[in-house]
Amino acid sequence: QVQLVESGGGLVQAGGSLRLSCAASGRTFSIGLVGWFRQAPGKERESVATITWSGVNPPYYADSVKGRFTISRDNAKNTVHLQMNSLKPEDTAIYYCAARQVLQGWESAFWGQGTQVTVSS
């Protein structure tokens, strides 16, 4: 089992920044990838950014956040961060952290409880 706890959400004005953190505990040695997802009211969950735990491959970013969001990891602290700059009202959503093994799909991943991000116009 892997436990994930997100933090760092909040209310920010458009153009502002937030830094989300995802702290992992438990069987962290089994983690292959960590991803940030978000779900806005009435919309499906979407992938925002993904990073490999080993850092072998470059991170993945959704087109909607490229150039504004940066995902990074601190293996020593078992933590993955999502730096969000130039925030827009459409970034408002609950942001979830997920971790999975390399050969698994996200439907089999471990998930955090989510953290609310609200961007006001």
Side-chain angles (χ1 to χ4, degrees):
Q1 290 281 351
V2 173
Q3 294 78 41
L4 302 171
V5 178
E6 302 100 332
S7 61
L11 173 64
V12 64
Q13 289 187 333
S17 299
L18 282 174
R19 188 191 194 210
L20 305 183
S21 296
C22 173
S25 61
R27 298 170 63 90
T28 57
F29 61 84
S30 67
I31 297 174
L33 292 92
V34 177
W36 283 98
F37 295 76
R38 66 186 181 187
Q39 187 165 20
K43 295 188 177 181
E44 293 188 354
R45 184 180 65 196
E46 63 174 345
S47 176
V48 175
T50 302
I51 192 167
T52 55
W53 198 244
S54 64
V56 171
N57 298 321
Y60 156 84
Y61 295 98
D63 288 342
S64 58
V65 305
K66 279 181 182 176
R68 300 189 297 123
F69 290 11
T70 302
I71 189 170
S72 63
R73 75 195 190 288
D74 183 342
N75 292 86
K77 297 183 179 180
N78 291 331
T79 301
V80 173
H81 302 287
L82 185 69
Q83 178 66 42
M84 306 186 296
N85 299 328
S86 302
L87 283 162
K88 305 175 181 180
E90 51 264 44
D91 294 318
T92 295
I94 299 175
Y95 283 69
Y96 298 91
C97 173
R100 65 173 175 88
Q101 297 179 20
V102 172
L103 296 181
Q104 285 181 326
W106 288 110
E107 68 279 0
S108 300
F110 297 100
W111 292 84
Q113 82 287 352
T115 185
Q116 177 71 47
V117 171
T118 303
V119 184
S120 63
S121 57

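Bear in mind the structure is a predicted one, so any value in this text is a computation, not a measurement. Side chains included, hydrogens not; waters and symmetry mates left out as well; all remaining heavy atoms used.
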Quick one, F37 with W111, criterion ring pair (Phe, Tyr, Trp, His ring centres under 6.0 Å). Give me CA distance, side-chain angles, the key distance, then yes/no.
CA-CA 10 Å; F37 295 76; W111 292 84; 4.9 Å; yes
For I71 and T50, run side chain to side chain contact (heavy atoms under 4.5 Å, CB included): C-alpha distance rounded to whole Å, both residues' side-chain angles, the deciding distance at 0.1 Å, then the answer.
CA-CA 7 Å; I71 189 170; T50 302; 5.5 Å; no
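Following chains of ILVMFWY side-chain contacts shorter than 4.5 Å, one cannot reach Y96 starting from F69, and the two form parts of different hydrophobic clusters. Cluster membership check: Y95 does not share its hydrophobic cluster with Y60, using side-chain heavy-atom separations under 4.5 Å among Ile, Leu, Val, Met, Phe, Trp and Tyr. I94 and F110 fall into different hydrophobic clusters, where Ile, Leu, Val, Met, Phe, Trp and Tyr residues are linked whenever their side-chain heavy atoms come under 4.5 Å apart, directly or through other members.
For E6 (side chain) and G114 (main-chain N/O), a donor-acceptor pair under 3.5 Å exists by modelled atom type. Panel note: side chain N75, backbone W53; a donor-acceptor pair is recorded below 3.5 Å. Between the T92 side chain and the V119 main chain, a donor and an acceptor come within less than 3.5 Å of each other.
Heavy atoms only, all atoms of each residue included: T70 and Y61 are closest at CA-OH, 3.4 Å. Minimum heavy-atom separation, A24 to I31: CB-CD1, 4.1 Å. Nearest approach of L82 to A49, heavy atoms of both residues: CD1-CB, 4.1 Å. Closest approach of A62 and S47 over heavy atoms only: CB-O, 3.4 Å. Here the shortest heavy-atom pairing between L33 and Q101 reads CD1-O, 4.4 Å. Between V34 and A99, the shortest heavy-atom distance links the atoms CG2-CB, 4.2 Å.
Looking at heavy atoms from C-beta onward, K77 lies out of side-chain contact with S21 at the 4.5 angstrom threshold. The shortest distance between side-chain heavy atoms of R38 and E46 falls below 4.5 Å. The closest side-chain heavy-atom distance from V117 to L20 is below 4.5 Å.
Here CZ of R73 is found 14.0 Å from SG of C22. Values are rounded to the nearest 0.5 Å. Rounding to the nearest 0.5 Å gives a distance of 11.0 Å between CZ of R19 and CG of N85.
By the 4.0 Å N-to-carboxylate-O rule, D91 lies too far from K88 to be salt-bridged with it.
Cation-pi contact between R100 and W106: present, with separation from the ring centre below 6.0 Å and deviation from the ring axis of at most 45°.
Other residues, nucleotides and ligands contribute over 12 non-hydrogen atoms within 6.0 Å of the CD atom of Q113.
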